[in-house]
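Here is the naming used below: chain letters follow the sequence lines, and residue numbers restart at 1 for every chain.
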2 protein chains.
Amino acid sequence: MSQMQSVEKQLRQMILGLEIGPGEKLTERWIESRFGASRTPVRAALLRLETEGLVGRDGRGWTVSPINLAELEQIAVYREAVEVAALRLTCALADRSAVDVIEAMLESCDNDTPREEWHRVGMDFHIELARLSGNEFLFRAVRDAMTRLSRARWLEVRDEAALARAWAEHRAILAAARLGDADEAARLLSVHIVGSRDRLVTSLANDRRGLRARGFAVVAA
Amino acid sequence: MSQMQSVEKQLRQMILGLEIGPGEKLTERWIESRFGASRTPVRAALLRLETEGLVGRDGRGWTVSPINLAELEQIAVYREAVEVAALRLTCALADRSAVDVIEAMLESCDNDTPREEWHRVGMDFHIELARLSGNEFLFRAVRDAMTRLSRARWLEVRDEAALARAWAEHRAILAAARLGDADEAARLLSVHIVGSRDRLVTSLANDRRGLRARGFAVVAA
DNA sequence: GATACCAATTTGGGATACCAAGATGGCGCC
DNA sequence: GGCGCCATCTTGGTATCCCAAATTGGTATC
């Protein structure tokens, strides 16, 4: 039974979905019994999730990584570097029709789209945009960064106004990219990422007490 | 006996030092007996090295990643993005005296310095420069990229002229950074990375036959 | 001589038994 | 009643065993 991938996927899902709170302790034995797998695949899953930054070592044991405000700010800088680079490559492509596919992705969200879907599409926008560059490393960097941001971004989805703003910015970026205007697209993307970070850090700092009340560890900047 | 880290380090050393050729098949049992550890730490090591891109899955088994020319070119683009971003951050720092430490590192190499040392310092220059930015993610990105480039870079060390040129460019970059001239430093770094890539890909394409003769798998661009 | 098929060995993935170190809690002493 | 120490239990790390699948080598048949 190839449980390994399953354990990894399910555990990642639980962590990203906040079913297991940031900062919670994990024991290999609990995971083992929870998913009906043995310790070997559990170990493999933990090692992989460790490299993704979703779990970490806490001395001897394992811990779900807390939400770290300082880390969020650093990731934003990192994202800006790699996403802008990817976008510039995409703008330089002869055939930029693939941006329409991403545009369509955005359009698929409307008023009665569930929160989870907005959350997912909001991340996939950046991931798929990076994929268009054709550079595997830039793509992976963006994907991994979005994974790390994923949990914190649940907050943004609760704010209708922020969401509308983000979608508008996404569309503007795509429009510039479609025209091949690299400078304008890059500028818009930078603004979007920085603004997104500010909104996120602000609302996270405000909600910090509430999050802690729910048992979520939040590390200050 | 905490062999795990040891297995990982030793195996990485052997791969990076080309003691195990690119493209070679690896069996967990061979590693196990080779390092006197059991399979659990061996697996942990392989999982980690997989995320570093040094080994990969070949269907069912494990393979030392071949040297991939297309990958080298993509990494150069990736490096340019993250290293330039890091360097710009560093140039914006109030206290940039730490660049002198890196300068000193460069000075430590002279005519009777062994090849291995030139190789190591050549990588550490970029890694430590990125570390100065203070951004953990940019730093890790550069470090991981240099790790992936490491094996191919053994070629560059054989070329005295290329080495001298690289060192001169390194010094120029540091000089601009010390003055806080971000644009100039970024420009010099970009030129250095692109030039470095060109030289590497060229000499690698030339040596391809020789490398294959030594049993090294080299994948074309 | 080539090819198809079968057996045996090898290999990675999973499970389990064991160990040493660290956390925990209860008991006794001050 | 509070503080400290020791027994115990828990936990991750290690080693070993088992299994299913795949590769390999040989043989028999065409």
| task | Test for a donor-acceptor pair under 3.5 Å between the base of C:dG12 and the side chain of B:Arg29, counting only N and O atoms. | result | yes
| task | May I ask you to verify whether the side chain of A:Arg57 and the base of D:dG12 hold a donor-acceptor pair under 3.5 Å? | result | no
[X] bridged to [Y] by N-O distance under 4.0 Å:
X: B:Glu52; Y: B:Arg143; result: no
X: A:Glu73; Y: A:Arg197; result: no
X: A:Arg12; Y: A:Glu8; result: yes

Whole angstrom value for the distance that separates [atom2] of [N] from [atom1] of [X]:
X: B:Lys25; N: D:dA22; atom1: NZ; atom2: C1'; answer: 13 Å
X: B:Ile31; N: C:dG13; atom1: CD1; atom2: P; answer: 11 Å
X: A:Arg39; N: C:dC19; atom1: CZ; atom2: P; answer: 14 Å
X: A:Glu32; N: D:dT10; atom1: CD; atom2: P; answer: 14 Å
X: A:Leu47; N: C:dG13; atom1: CG; atom2: P; answer: 13 Å
X: B:Leu26; N: C:dG12; atom1: CG; atom2: C1'; answer: 13 Å
X: B:Trp62; N: C:dG13; atom1: CH2; atom2: P; answer: 6 Å
X: A:Arg43; N: D:dT14; atom1: CZ; atom2: P; answer: 8 Å

| request: Among A:Arg158, A:Arg212, A:Arg214, find the residue that satisfies the salt bridge (charged side-chain N to carboxylate O under 4.0 Å, His left out) test when tested with A:Asp207. | output: A:Arg158
Would you mind telling me which of [options] lies closest to the side-chain atoms of [X]?
X: B:Ser38; options: D:dA15, C:dA15, D:dA20; answer: D:dA15
X: B:Thr27; options: C:dG13, D:dT14, C:dT11; answer: C:dT11
X: B:Arg60; options: C:dT16, D:dA20, D:dG13; answer: D:dA20

| field | Distance-only donor-acceptor check, side chains A:Gln10 and A:Ser6, under 3.5 Å | value | yes
| If pairing requires Watson-Crick or G-U wobble contacts with both distances under 3.5 Å, which nucleotide is the partner of D:dT14? | C:dA17
